[in-house]
Amino acid sequence: MVGVRVRWWPGFVALSAIWGASFALIKVAVEAGVPPVWVAAWRCLLGAGALWVILAVRREAVPRDPAVWGHSAVAAVLLNSVPFVLFSYGETRVSSVLAGVLNAATPLFTLLFALAVLPGEPRPGPRRLAGLALGFVGVLTVLGVWHGFGGTSAGGPAGEAGAPGAGAGVVAGGLACLAATCCYGAGFAYLRRHLATRPHSATALSTVQITCGGAQLAVAAPLAAGGPHWPGVGAASALLVLGALGTGVAYVLNLGLVRTAGTAVAAAVTYATPLWSTALGALLLAEPVGWNTLAGGLAVIAAVALTRPPTAGGGRRAAVRRGRKARQPVG
């Protein structure tokens, strides 16, 4: 059981840190004029390139089973192609702060989908439900939502208040982000049921999934928004980091986390990402950090522990047996 914890926490921390910067990177790209569908396409294409390099360095075999590629294509739709476009579109209408808040609803959707499609998923008891609620409250506390999204908050204005049609634009952007979190919830559950227990490394499965997403968007992007254009050094650098690190390396960590800790904890990464965004803003951009950041951070840490399914007694032994069967070395 100690081994499980050792493998779980490092992946959780690293993944939350990498994804903590993603909303800001998306904002840089869309504000430079990169169409949302191309932001999503570059994320997957650059991420796939990074994963193929990692796969080659590790000399790992590429899965040849058609079922793996088929399930990966579905997972790519739910976890990459559609939500990446939706979040990028959403951030043309709302701030990265509001997008991050809505992304924190991912564990709620994940729990609903997991209960619907995963027969072995533990039923949510009072402890897990309290953890989900506490985590969401913790995120809202970190972001200081009592200031309102139309005024001053941890991430600034949600939209351009006062502009014609601004209210409708914020609603449309918010709904797009919420739809993206719903896709993530379905995707986590699908990944757990159809791919997480496959006899392949997390690197190989992630490579196949992101490659499928890149292929889907490479077809969709030119049809929806025309050919790509040079957005400038700043936006190009943001896309490179967002793709190679945030969509390449991070997805190896993501699948490994699903395998070792389950869907609830993997989805709970979305609770910690705003903490990293706030910390990076304070260190690199000299943004103020108030009491709400510390209080919300403690709430998030407690929530992550509460959302883990109980493993006491026989449940613990069963979980270890399932974990040994499901986990493959990441490398």
Side-chain angles (χ1 to χ4, degrees), residues 15-16 19 22-23 26 36-37 40 43-44 47 67-91 99-124 128-129 131-133 135-136 139 173-198 202 205-206 208-217 220 246-247 250-271 273 307-309 326:
L15 187 60
S16 63
W19 279 346
S22 64
F23 296 106
I26 292 171
V37 67
R43 287 186 70 176
C44 284
V68 171
W69 283 84
H71 287 307
S72 295
V74 177
V77 171
L78 296 172
L79 290 170
N80 307 114
S81 302
V82 174
F84 285 2
V85 173
L86 287 172
F87 265 122
S88 299
Y89 168 78
E91 290 201 43
V101 170
L102 293 174
N103 186 56
T106 297
L108 303 177
F109 287 112
T110 301
L111 182 56
L112 293 176
F113 281 106
L115 291 172
V117 303
L118 299 180
E121 191 72 9
R123 301 295 98 177
R128 293 182 68 193
L129 293 175
L132 291 172
F136 192 68
V139 170
L175 289 176
C177 294
L178 191 61
T181 65
C182 185
C183 288
Y184 283 153
F188 271 116
Y190 190 91
L191 196 69
R192 180 71 171 178
R193 179 168 185 174
H194 296 288
L195 289 170
T197 58
R198 294 278 176 173
L205 291 175
S206 296
V208 173
Q209 178 188 321
I210 304 301
T211 298
C212 289
Q216 293 161 2
L217 288 165
T247 315
Y251 271 81
V252 177
L253 297 174
N254 177 60
L255 186 55
L257 190 60
V258 171
R259 283 175 160 174
T260 57
T263 56
V265 172
V269 167
T270 56
Y271 286 156
T273 51
T307 53
R308 291 206 72 188

Query raised in the report: Between Asn103 and Trp19, is any pair of side-chain heavy atoms under 4.5 Å apart?
Result: no

Query raised in the report: Can you check whether Phe87 reaches Thr181 side chain to side chain, under 4.5 Å on heavy atoms?
Result: yes

Query raised in the report: Val37 and Tyr89: side chain to side chain contact (heavy atoms under 4.5 Å, CB included), yes or no, with the steps?
Result: CA-CA 8 Å; Val37 67; Tyr89 168 78; over 6 Å; no

Straight-line distance of [X] [atom1] to [Y] [atom2], nearest 0.5 Å:
{"X": "Leu195", "Y": "His71", "atom1": "CG", "atom2": "NE2", "result": "6.5 Å"}
{"X": "Thr106", "Y": "Leu178", "atom1": "OG1", "atom2": "CG", "result": "9.0 Å"}
{"X": "Cys212", "Y": "Leu79", "atom1": "SG", "atom2": "CG", "result": "12.0 Å"}

Query raised in the report: Between the main-chain N or O of Ala73 and the side-chain N or O of Gln216, is there a donor-acceptor pair closer than 3.5 Å?
Result: yes

Report task. Show your working on side chain to side chain contact (heavy atoms under 4.5 Å, CB included) between Leu191 and Gln209 and close with a plain yes or no. Result -> CA-CA 10 Å; Leu191 196 69; Gln209 178 188 321; 3.6 Å; yes

Query raised in the report: Could you go step by step and tell me if Asn80 and Leu217 meet the side chain to side chain contact (heavy atoms under 4.5 Å, CB included) rule?
Result: CA-CA 9 Å; Asn80 307 114; Leu217 288 165; 5.8 Å; no

Report task. Output all residues satisfying side-chain hydrogen bond (donor to acceptor under 3.5 Å, both in side chains) with Ser16, sequence neighbours left out; order by chain, then residue number. Result -> Trp276

Query raised in the report: What heavy-atom pair brings Gly213 and Ala76 nearest, and what distance separates the two atoms?
Result: N-CB, 3.5 Å

Query raised in the report: Val82 and Cys183: which non-hydrogen atoms are nearest, and at how many Å?
Result: CG1-SG, 3.7 Å

Query raised in the report: Does the gap between the ring centers of Phe113 and Tyr190 come in under 6.0 Å?
Result: no

**Report entry** Aromatic ring pairing Tyr184/Phe84, orientation class (parallel under 30°, perpendicular over 60°, tilted between)
**Finding:** perpendicular

